[in-house]
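To find a chain, count down the sequence lines: A is the first, B the second, and so on, and within it residues start at 1.
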Amino acid sequence: MKTFALVDGNNFYASCERVFRPDLADKPIVVLSNNDGCVVAASAEAKALPGIQMFGPFFEIAGLCRRHGVTVFSSNYALYGDMSRRMMAILAEHAPGQEVYSIDECFLDLSGVAEPEALARRMRDSVQRRIGIPTCVGIGSSKTLAKLANHVAKRVPGWDDGVFDWRRLAEADRDALMAGLPVGKVWGVGRKLADRLREWRIDTALQLKEADPRRIRQGFGVTLERTVAELNGVSCLELDEAAPERQQIISSRSFGEKACDFNVLAAAVSHHIATAGEKLRAQRGVARLIGVGIRTSPFGDDGYNGYTVVPLPQPSDDAMTLTRAALAGLRAIYRRGPRYQKAGVVLMEISPRERLQADLFGPAPDPRRQRLMRTMDAINQTFGRGCVKLASEALTPDWEMRQDVRSPCYTTRLDQLLEIA
DNA sequence: TCTGGGGTCCTAGGACCC
DNA sequence: TCTGGGGTCCTAGGACCC
């Protein structure tokens with residue numbers, strides 16, 4: 001029997017900010033998305049205020065925050081990323097297998113551990129003591145059950161003491177608990193799927209668990225059929241220890257201020273293709289298609305949505321090749337006039353680089369260019385993103401995002417260390 | 001004054017061909 | 001007058017996640 005644990009940081013971004021602001025313990029905090037657009041994290045105290053909704057637009061609740069003395073932070077990904085690495089490293093010490101699933105959560109393989117719940121409590125204490133981040137742990141015999149257990153450990157009254165293992169309960173009690181969980185809480189079931197399931201009279205996690213797998217497969221596909229099996233304790237999803245190779249890589253961002261000028265869009269697109277190219281080379285891939293998109297705000301009425309796909313003559317991971325193609329795409333879709341709100345790129349048809357060289361009869365990639373890319377990536381890794389970049393990225397800085405209230409990079413910048421008075 | 005995130009994968013449906 | 005398939009490729013939009 002397999003045993004999985006799902007560990008995640010409670011209100012992770014808010015907790016990261018609090019580590020360096022002990023004065024904010026027990027105080028309401030919210031953290032905003034890129035560009036200060038939406039609320040993406042909130043401390044328990046903030047969540048308790050009526051009207052503070054995750055992923056809701058911030059401007060709608062800005063007044064409420066002022067009235068209730070909520071401390072508001074812009075996203076500080078340098079800080080959260082670094083805290084995440086520390087948390088993941090501590091957790092990895094306790095388990096033979098770890099899959100980092102997102103910035104604030106990971107699956108652990110606890111198969112063969114005699115007392116997983118006791119281990120989970122030790123892990124929680126360790127993370128809390130060493131980096132000051134509170135966590136919750138869910139345990140089950142499949143990843144889906146571990147996820148659901150995590151929800152129980154965090155939110156279900158009576159069971160929300162931070163660690164929950166389904167096997168703590170007899171089967172009848174497990175079912176009773178699952179009967180109280182809406183089907184939308186199950187991993188992989190979002191709002192739309194939950195609506196459709198309700199038409200089938202499947203409202204709770206228990207009803208999904210007990211649904212006929214064949215009918216689910218017919219009505220909803222193999223993915224949900226697998227979820228049903230996982231809810232029944234049959235593990236179908238393995239622990240992916242290596243970061244999966246992406247089939248597509250997206251980089252896009254909204255502008256701090258709307259942009260009309262071609263050069264501003266060109267700088268943004270150059271930046272995004274540079275970021276995407278770095279990710280592409282990190283997974284040792286090459287891309288054949290490059291998508292470029294620009295759009296105005298979807299909430300205005302003079303909407304323009306430009307998108308095109310540029311094929312490369314042969315798949316590439318070279319920053320200059322990618323940038324040239326992306327800018328050609330941008331020229332094709334750019335219209336003078338609209339006030340653009342967002343630009344982005346997509347790398348598609350990604351294949352492993354090694355295969356490319358064996359397959360193609362065309363000219364071999366220039367080894368000097370490859371060395372240049374490796375050097376560029378290495379420098380940027382050591383000295384920070386953007387230390388070395390192509391000139392097209394630097395045409396204009398006008399598209400930078402808005403971050404009005406970002407905290408210092410306490411853990412990654414010497415000049416921004418926390419000072420203790 | 002104005003403000004609304006970012007990323008990945010899947011799939012339905014159209015175009016095209018035999 | 002009425003009937004008339006199936007596979008592949010592509011893409012936009014949908015759905016999900018955090």
Side-chain angles (χ1 to χ4, degrees), chain A residues 6 8-14 16 30-42 53-63 65 72 74-75 77 80-81 84 99-107 143-144 147 150-151 154 183-197 219-224 226-227 237 240 243-258 268 272 275-276 279-280 283 285 288-291 293 295-300 303 305-311 339 341-350 401-405:
Chain A
L6 187 278
D8 75 346
N10 302 346
N11 316 319
F12 186 67
Y13 299 167
C16 289
V30 302
V31 181
L32 307 182
S33 66
N34 276 323
N35 223 23
D36 294 349
C38 297
V39 175
V40 292
Q53 225 179 348
M54 226 46 79
F55 302 105
F58 172 62
F59 71 89
E60 287 179 2
I61 60 154
C65 287
V72 179
S74 300
S75 283
Y77 283 103
Y80 313 146
S84 170
E99 171 188 344
V100 175
Y101 176 68
S102 75
I103 191 164
D104 75 326
E105 61 189 304
C106 68
F107 289 100
K143 287 165 94 173
T144 303
K147 266 286 223 189
N150 180 274
H151 171 78
K154 209 177 311 175
V183 72
K185 299 293 179 196
V186 175
W187 191 32
V189 179
R191 217 186 64 231
K192 286 289 161 65
L193 211 44
D195 287 347
R196 280 178 56 211
L197 282 167
F220 300 91
V222 290
T223 312
L224 196 66
R226 207 158 45 206
T227 300
L237 301 170
D240 292 319
E245 293 187 354
R246 300 294 171 204
Q247 298 173 33
Q248 57 175 222
I249 295 170
I250 295 183
S251 178
S252 71
R253 200 122 304 174
S254 303
F255 304 129
E257 283 174 29
K258 301 228 179 350
H272 295 319
T275 307
K279 285 191 196 171
L280 179 68
Q283 74 171 43
R288 196 180 73 82
L289 299 178
I290 298 177
R295 62 146 220 236
T296 55
S297 165
F299 301 99
N305 210 337
Y307 178 74
T308 190
V309 174
V310 183
R339 299 168 65 236
Q341 187 240 3
K342 182 173 183 175
V345 303
V346 195
L347 302 179
M348 291 172 291
E349 290 204 1
I350 294 174
M401 61 186 171
R402 197 163 56 214
Q403 291 194 313
D404 290 339
V405 281

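- Contact between the side-chain N/O atoms of T223(A) and the OP1/OP2 oxygens of dC10(B) is not found at any separation under 4.0 Å.
- Defined by atom type and a distance below 3.5 Å, a donor-acceptor pair is present between the side-chain atoms of S74(A) and D36(A).
- Straight-line distance from the OH atom of Y101(A) to the P atom of dC17(C): 7 Å, rounded to whole Å.
- Ranking dC18(C), dC9(B), dT3(B) by closeness to the F55(A) side chain, first place goes to dC18(C).
- Set against dC10(C), dA15(C), dG4(B), the side chain of F59(A) has dG4(B) as its closest nucleotide.
- Each of dA12(C), dG4(B), dC18(C) was ranked by its minimum atom distance to the side chain of K258(A); first place goes to dG4(B).
- For K192(A), the listed nucleotide lying nearest its side chain is dC16(C); candidates were dC10(C), dC16(C), dG7(B).
- Side chain to side chain, R295(A) and Q341(A) meet the donor-acceptor criterion of an N or O pair below 3.5 Å.
- Taking 4.0 angstrom as the limit, Q341(A) places none of its side-chain polar atoms (N or O) nearer than this to OP1 or OP2 of dT3(B).
- Between S252(A) and dG7(B), a side-chain N or O to OP1/OP2 separation shorter than 4.0 Å is present.
- Residue L197(A) holds its CG atom at 6.0 Å from CG of L224(A), rounded to the nearest 0.5 Å.
- Listed nucleotides dG6(B), dT8(B), dC16(C) differ in distance to K279(A); the shortest reach to its side chain belongs to dT8(B).
- Distance OG/S84(A) to CZ/F12(A): 5.0 Å, rounded to 0.5 Å.
- For R191(A), no side-chain nitrogen or oxygen approaches OP1 or OP2 of dC16(C) to under 4.0 Å.
- Nucleotide dC18(B) forms a Watson-Crick or G-U wobble pair with dG5(C), both donor-acceptor distances falling under 3.5 Å.
- Looking at L6(A) and E105(A), their side chains come closer than 4.5 Å, going by heavy atoms from C-beta outward.
- Using a 4.0 Å cut-off, no side-chain N or O of K342(A) falls inside it from OP1 or OP2 of dG4(B).
- Candidate nucleotides dC17(C), dC16(C), dT8(B) were compared by shortest atom distance to the side chain of K147(A), and dC17(C) ranks first.
- For Q247(A), the side-chain atoms get nearest to dC10(B) when compared with the rest of dC10(B), dG4(B), dC16(C).
- For dA15(C), neither phosphate oxygen OP1 nor OP2 lies less than 4.0 angstrom from any side-chain nitrogen or oxygen of R196(A).
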